[in-house]
2 protein chains.
Amino acid sequence: MTRDIPDIAVSRLPLYLRALGHLESNGQQITSSKELAAILGSSAAQIRKDLSHFGEFGKQGTGYHVAHLNRQLRRILHADLVWDVVLVGAGHLGNALLHNQGMARRGYRIVAAFDHDPEKVGTRIGNVIIQNNQRMRDEIQQRGIRLAIIAVPPPSARRVAHQLVEAGVKAILNYSPIALSVPDDVMVQYTDPVTHLQHMTYYLQDR
Amino acid sequence: MTRDIPDIAVSRLPLYLRALGHLESNGQQITSSKELAAILGSSAAQIRKDLSHFGEFGKQGTGYHVAHLNRQLRRILHADLVWDVVLVGAGHLGNALLHNQGMARRGYRIVAAFDHDPEKVGTRIGNVIIQNNQRMRDEIQQRGIRLAIIAVPPPSARRVAHQLVEAGVKAILNYSPIALSVPDDVMVQYTDPVTHLQHMTYYLQDR
DNA sequence: TAGATTGTTAATCGATTAACAATC
DNA sequence: TAGATTGTTAATCGATTAACAATC
């Protein structure tokens, strides 16, 4: 029987990585749950509890070796591998993602990009040449790609998601503000500036 | 004494808006907590519970009037207002945000954008003319802007955040994968594709 | 040794779910 | 009226926090 790790703990590991990256860039070698909590605005107990689901990474009395914990968390998240990602939509946003250095540097490489606009197909952005949407299925299956990013206008998002799922994609990062429905074995994460802004303006009084 | 509404309930209202938008675009006039739950992959009880923090929006036996609930949620989130937003960083990502139709259409208007690159300053992207970073403080204060988006490269993010806070910004949407520290009365939301991808690859087996 | 900090247990807190009276 | 669905209460579940023995 597998120990059941709460998804909410998994979801915080990338934030811990972000804080560790900060410490590493400052040349700091050792940290503590207390210090990490201060950086992240959470609690030391929560960080220790979260980490305890995955193993023991620290030393009593001393704390955590920054580089070691970084490596371990990347391993746990499978972020120590290089992942191939497909991008659908080569508009302004797709263009920005193709130029995003951070993604490739952190192991998520966009290796194929698609658009239905004949003007764009065949052009090169960053390291990839934009292909016609019709090439999506073959490309995904040949390369065995499981990660996709949707950066198409809202009206096309559902259709594209369906095509990606059909082609075998297992995880979709969706930049369109559209609720997707996918099979149980496919994950979707949404990212939408308006959702974040709405959340924050709730707390801002009208003037 | 103010009733205390959980932030987690607030954070789901934008998702409910997203689902309502979908129903509205299909011309559907009435919905139910059950149907919304199916769209969002949550539970009917949770949706009713969440909404109950803010008022009574439905009719027993019937459900919710889509347009009415949409209006009410937008009002609660202050998303029925038009908000002015400043953007810092006019690179590929800033460019994409300036061209993003959805933001303006949903009431979040980028009214000023800044960059430190002299090549960019003075050029027009979408409806705004890029200004030098040095103009940030004045522009924010003169217009009384409280919302900002950071889309600068990681090394500059902290400095920019500091400048925004100094100028009076109260809510920051941070596109750089950098943990910011800000005063208690300033909100920060992070958005970073790698964080989402790492969360998902945890569940994908290596092959 | 004294001080610090981990990993873990138990207590607390809060969120989710189930159930149902009210009522359209 | 019968069926459906809300809003709310109470029960359950799970996450966070506090506390501390272990130990570096």
Side-chain angles (χ1 to χ4, degrees), chain A residues 1-16 19-20 23 28-73 75-76 199 202-203, chain B residues 1-16 19-20 23 28-73 75-76 199 202-203:
Chain A
M1 178 185 150
T2 319
R3 213 165 14 118
D4 196 29
I5 294 174
D7 180 66
I8 191 136
V10 176
S11 76
R12 280 189 293 256
L13 299 189
L15 311 185
Y16 300 164
L20 290 167
L23 292 170
Q28 195 171 322
Q29 307 219 340
I30 301 289
T31 187
S32 66
S33 57
K34 193 176 160 190
E35 184 175 44
L36 287 169
I39 295 172
L40 291 160
S42 68
S43 81
Q46 178 168 85
I47 287 170
R48 294 202 303 279
K49 182 71 166 173
D50 281 349
L51 296 180
S52 75
H53 291 110
F54 304 96
E56 305 189 358
F57 307 108
K59 265 209 183 78
Q60 282 108 322
T62 308
Y64 302 92
H65 201 89
V66 173
H68 175 71
L69 185 54
N70 201 318
R71 247 189 328 271
Q72 293 304 308
L73 295 186
R75 182 183 52 75
I76 291 163
H199 185 174
Y202 171 79
Y203 295 101
Chain B
M1 178 185 152
T2 319
R3 215 165 11 121
D4 196 29
I5 294 175
D7 180 65
I8 191 139
V10 176
S11 76
R12 280 190 293 256
L13 298 189
L15 311 185
Y16 299 164
L20 290 167
L23 293 170
Q28 196 172 322
Q29 308 220 339
I30 301 289
T31 187
S32 66
S33 56
K34 192 175 161 190
E35 185 176 44
L36 287 168
I39 295 171
L40 291 159
S42 68
S43 81
Q46 180 168 85
I47 287 170
R48 294 201 303 277
K49 181 70 166 174
D50 281 348
L51 296 179
S52 76
H53 290 111
F54 303 96
E56 305 189 358
F57 307 108
K59 267 209 181 75
Q60 282 107 322
T62 309
Y64 303 92
H65 201 90
V66 174
H68 175 72
L69 185 55
N70 201 318
R71 245 189 329 269
Q72 293 303 308
L73 295 186
R75 181 183 53 74
I76 291 163
H199 185 173
Y202 171 79
Y203 295 101

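Proteins come first, then strands; the chains are lettered A, B, ... in the order of their sequence lines, and each starts at number 1.
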Q: Roughly, in whole Å, what's the span from CD in A:Gln46 to C1' in C:dG14?
A: 13 Å
Q: How close or far is atom C1' of C:dT5 from atom CZ of A:Phe57, stated in whole angstroms?
A: 17 Å
Q: Does A:Gln29 have more than 12 heavy atoms from other residues, nucleotides or ligands lying within 6.0 Å of its CD?
A: no
Q: Going by distance alone, is a donor N or O of one side chain under 3.5 Å from an acceptor N or O of the other, for B:Asp7 and A:Tyr203?
A: yes
Q: Rounded to whole angstroms, how far apart are CG on A:Asp50 and C1' on D:dA15?
A: 10 Å
Q: At under 4.0 Å between heavy atoms, what does B:Lys49 touch on the DNA or RNA strands: base, sugar-phosphate, or nothing?
A: base
Q: Would you say D:dG7 has OP1 or OP2 under 4.0 Å from some side-chain N or O of B:Tyr64?
A: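 Looking at the OP1 and OP2 atoms of D:dG7, one of them is under 4.0 Å from a side-chain N or O of B:Tyr64.
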Q: Pick the closest DNA chain C nucleotide for A:Gly61 and for B:Arg48 by heavy atoms, then say which residue is nearer the 5' end.
A: A:Gly61
Q: A:Lys59 or A:Arg12: which one's nearest nucleotide on DNA chain D is closer to the 5' end?
A: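 Nearest-nucleotide comparison on DNA chain D picks A:Arg12.
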Q: Looking only at heavy atoms, what is the nearest atom pair of A:Ser42 and A:Gln46, with distance?
A: CB-OE1, 3.8 Å
Q: Is A:Ser33 near enough to C:dT6 that one of its side-chain N or O atoms lies under 4.0 angstrom from OP1 or OP2?
A: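 Checking C:dT6 against A:Ser33, a side-chain N or O does come within under 4.0 Å of OP1 or OP2.
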Q: Rounded to the nearest angstrom, tell me the gap between atom CG in B:Asp4 and atom P in C:dC13.
A: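 That distance rounds to 14 Å.
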Q: How many whole angstroms separate atom NZ of B:Lys34 from atom P of D:dG7?
A: 17 Å
Q: With a 4.0 Å cutoff (strictly under), does any side-chain N or O of B:Gln60 reach OP1 or OP2 of C:dA22?
A: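 The answer is no; no side-chain N or O of B:Gln60 sits under 4.0 Å from OP1 or OP2.
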Q: For the atom pair CG (A:Leu69) and OH (A:Tyr64), what is the distance rounded to the nearest 0.5 Å?
A: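 With rounding to 0.5 Å, CG (A:Leu69) is 7.5 Å from OH (A:Tyr64).
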Q: Got a second to check how far A:Glu35's CD is from A:Ile47's CD1, nearest 0.5 Å?
A: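 Reported value, rounded in 0.5 Å steps: 10.0 Å.
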Q: Is there side-chain contact between A:Val10 and A:Ile76, with at least one heavy-atom pair below 4.5 Å?
A: no
Q: Please state how far atom NE2 in A:His65 lies from atom P in D:dC24, giving the value in whole angstrom units.
A: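 Whole-Å distance recorded here is 17 Å.
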Q: Run through B:Ile39, B:Thr62, B:Leu36 and flag the one making a side chain to side chain contact (heavy atoms under 4.5 Å, CB included) with B:Thr31.
A: B:Leu36
Q: Using a 3.5 Å limit on both pairing distances, list the dot-bracket string of DNA chain C from the 5' end; Watson-Crick and G-U wobble pairs count, crossing pairs take [ ], interstrand pairs take |.
A: ..||||||||||||||||||||||
Q: Could you tell me the separation between the CD1 atom of A:Ile5 and the P atom of D:dA15, rounded to a whole number of Å?
A: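 In whole Å, D:dA15 P lies 12 Å from A:Ile5 CD1.
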Q: Specify the separation, in whole Å, of atom CG of B:Leu51 and atom P of D:dT6.
A: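 Atom CG in B:Leu51 sits about 9 Å away from atom P in D:dT6.
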Q: Would you tell me if any nitrogen or oxygen in the side chain of A:Ser43 comes within less than 4.0 Å of OP1 or OP2 on D:dT17?
A: yes
